[in-house]
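Here the structure comes first, spelled out in structure tokens, and everything after it is commentary.
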Amino acid sequence: HPSSFWFEKDRLMLTVYVDDLLLSGPAAKHEAFWTKLAKDIDIEPPEPLDRFLGRHHELSADGCACVLNMVDYVHQTVDMFKQHAPQHALKRVNTPFCPEGSLPAEGEDARGELSGSACALLMKHLWLARLARPDLQRAICALASHVSKWSANDDRRLHRLVCYLFSTPDLKLEGHVRDKPEDLTIDLWVDADFAGAEDDAKSTSGAYLALVGSRSFMPLM
């Protein structure tokens with residue numbers, strides 16, 4: 001897999017993302033690995049897995065559960081929207097989607113005020129969704145397909161998405177593994193809505209991949 005390196009002898013997996021290196025495997029093997037790598041590459045001293053790529057990792061006392069925390073990033077994302085659209089007041093909502101029938105038909109043809117900054121705003125949201133908030137992905141990806149034809153209704157959809165973030169800043173993704181490796185399976189759930197895309201009546205597919213056991217559930221993708 002690109003940017004991932006498996007060291008069979010020591011059972012170590014190294015993931016490289018630009019200048020961030022993440023090592024997993026038997027803890028007793030880590031120090032020797034970093035010492036050997038530092039002979040050829042100028043690296044900073046390794047630190048415990050706390051924050052990686054903007055995401056905090058909160059491990060349980062037994063090391064079997066991990067909370068993926070991006071609460072501070074949520075506040076940054078909301079603040080970024082406020083800077084680009086100070087005229088849009090935020091309110092409490094329960095979903096990231098506009099209520100059915102709330103978008104005027106003429107709003108699909110009118111150019112949106114946020115057309116110039118929509119791409120940057122959505123990419124900020126997408127990083128959050130990919131790393132810790134899968135509940136946002138459907139709304140974000142639907143909007144991302146409109147960046148070249150951004151409408152006034154897309155302004156309203158993005159505003160609703162940010163209102164949802166504003167209402168749910170403390171949501172976190174949690175996984176836990178408390179079974180033996182031989183008792184785990186990789187489970188994949190797939191589904192699609194029926195003609196859910198309003199502009200072309202296409203169905204939208206979705207999938208959720210996780211490591212699962214009788215006492216385990218770890219989101220993978």
Side-chain angles (χ1 to χ4, degrees), residues 1-77 122-141 144 165 168-191 205-221:
H1 191 279
S3 299
S4 293
F5 304 89
W6 171 246
F7 300 90
E8 179 66 32
K9 179 182 177 182
D10 294 323
R11 311 294 289 175
L12 293 172
M13 172 72 81
L14 178 71
T15 299
V16 180
Y17 188 92
V18 191
D19 59 349
D20 287 302
L21 284 72
L22 180 65
L23 185 68
S24 60
K29 301 284 187 177
H30 285 216
E31 184 176 356
F33 177 89
W34 292 122
T35 300
K36 184 176 181 181
L37 189 64
K39 292 180 180 179
D40 300 305
I41 301 176
D42 183 15
I43 58 175
E44 297 177 356
E47 299 178 353
L49 179 60
D50 171 39
R51 188 173 183 270
F52 184 66
L53 303 181
R55 181 178 70 184
H56 294 275
H57 302 80
E58 301 170 353
L59 297 176
S60 62
D62 61 3
C64 295
C66 182
V67 174
L68 308 181
N69 178 353
M70 292 186 73
V71 172
D72 55 350
Y73 192 94
V74 171
H75 291 297
Q76 294 173 20
T77 305
L122 287 174
M123 290 307 100
K124 182 81 172 178
H125 282 76
L126 189 57
W127 187 251
L128 171 63
R130 288 182 61 191
L131 269 66
R133 291 290 299 269
D135 53 317
L136 306 173
Q137 287 207 359
R138 173 70 177 91
I140 295 170
C141 291
L165 268 186
T168 60
D170 297 326
L171 289 186
K172 305 169 187 176
L173 188 62
E174 180 177 346
H176 52 276
V177 178
R178 291 187 169 87
D179 294 288
K180 296 179 181 179
E182 59 268 24
D183 296 326
L184 296 168
T185 59
I186 296 179
D187 291 3
L188 176 67
W189 293 267
V190 294
D191 201 356
S205 299
Y208 201 102
L209 186 71
L211 191 66
V212 179
S214 61
R215 298 184 300 143
S216 306
F217 190 91
M218 179 63 70
L220 300 178
M221 186 181 69

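Basis for what follows: all heavy atoms, side chains included, without hydrogens, waters or symmetry-related copies.
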Please list all pairs meeting ring-ring contact (aromatic ring centres under 6.0 Å, His included) that have one or both residues in residues 25-50, counting only residues at least two apart or in different chains. Phe7-Phe33
About how many Å separate CD of Gln137 and NE2 of His125, when rounded to the nearest 0.5 Å? 13.0 Å
Just how far is it from atom CG of Leu126 to atom CG of Leu131, taken to the nearest 0.5 Å? 10.0 Å
Which residues pass the salt bridge (charged side-chain N to carboxylate O under 4.0 Å, His left out) test with Asp179, sequence neighbours left out? Arg215
For residues 44-66, which residue pairs qualify under ring-ring contact (aromatic ring centres under 6.0 Å, His included), counting only residues two or more places apart or in two chains? none
Report, as yes or no, whether the 6.0 Å neighbourhood of atom CZ on Arg55 holds more than 12 heavy atoms from other residues, nucleotides or ligands. yes
Please find the pair of heavy atoms, one from Lys124 and one from Tyr73, that lie closest to each other, and give the distance. O-OH, 3.2 Å
Restricting to pairs with a member in residues 11-20, which pass salt bridge (Lys or Arg N to Asp or Glu O under 4.0 Å), not counting sequence neighbours? Glu8-Arg11
Provide the closest heavy-atom pair for Ala207 versus Val190 in the form atom of the first, atom of the second, distance. CB-CG1, 3.8 Å
Who pairs with Ala65 by side-chain contact (heavy atoms from CB on, under 4.5 Å), at least two apart in sequence or on another chain? Ser60, Glu174, His176, Arg178
OG1 of Thr77 to CG of Leu122: how many Å apart, nearest 0.5 Å? 11.0 Å
Identify all side-chain donor-acceptor contacts of residues 43-50 below 3.5 Å with residues at least two apart in sequence or on another chain.
none

Can you tell me how far the CD1 atom of Ile140 sits from the CZ atom of Arg130, to the nearest 0.5 Å? 11.0 Å
From CA spacing to verdict: side-chain contact (heavy atoms from CB on, under 4.5 Å), Arg133, Val74: CA-CA 10 Å; Arg133 291 290 299 269; Val74 171; 4.0 Å; yes
With sequence neighbours left out, the residues meeting salt bridge (charged side-chain N to carboxylate O under 4.0 Å, His left out) with Asp10 are Lys29
For the OG1 atom of Thr15 and the CG atom of Leu21, what is their distance to the nearest 0.5 Å? 9.0 Å
Could you pull out all residues at least two apart from Lys39 that satisfy side-chain contact (heavy atoms from CB on, under 4.5 Å)? none
Does any part of the side chain of Cys66, heavy atoms only, come nearer than 4.5 Å to the side chain of Leu59, both counted from C-beta? yes
Qualifying residues under side-chain contact (heavy atoms from CB on, under 4.5 Å), relative to Leu173, sequence neighbours excluded: Leu68, Pro134, Tyr208, Pro219
My understanding is that only residues two or more places apart in sequence, or in another chain, count here; which of them pass side chain to side chain donor-acceptor pair (under 3.5 Å) with Ser4? none
With Tyr17, which residues qualify under side-chain contact (heavy atoms from CB on, under 4.5 Å), at least two apart? Leu53, Trp127
Rounded to the nearest 0.5 Å, how far does CG of Leu209 lie from CG of Leu220? 5.0 Å
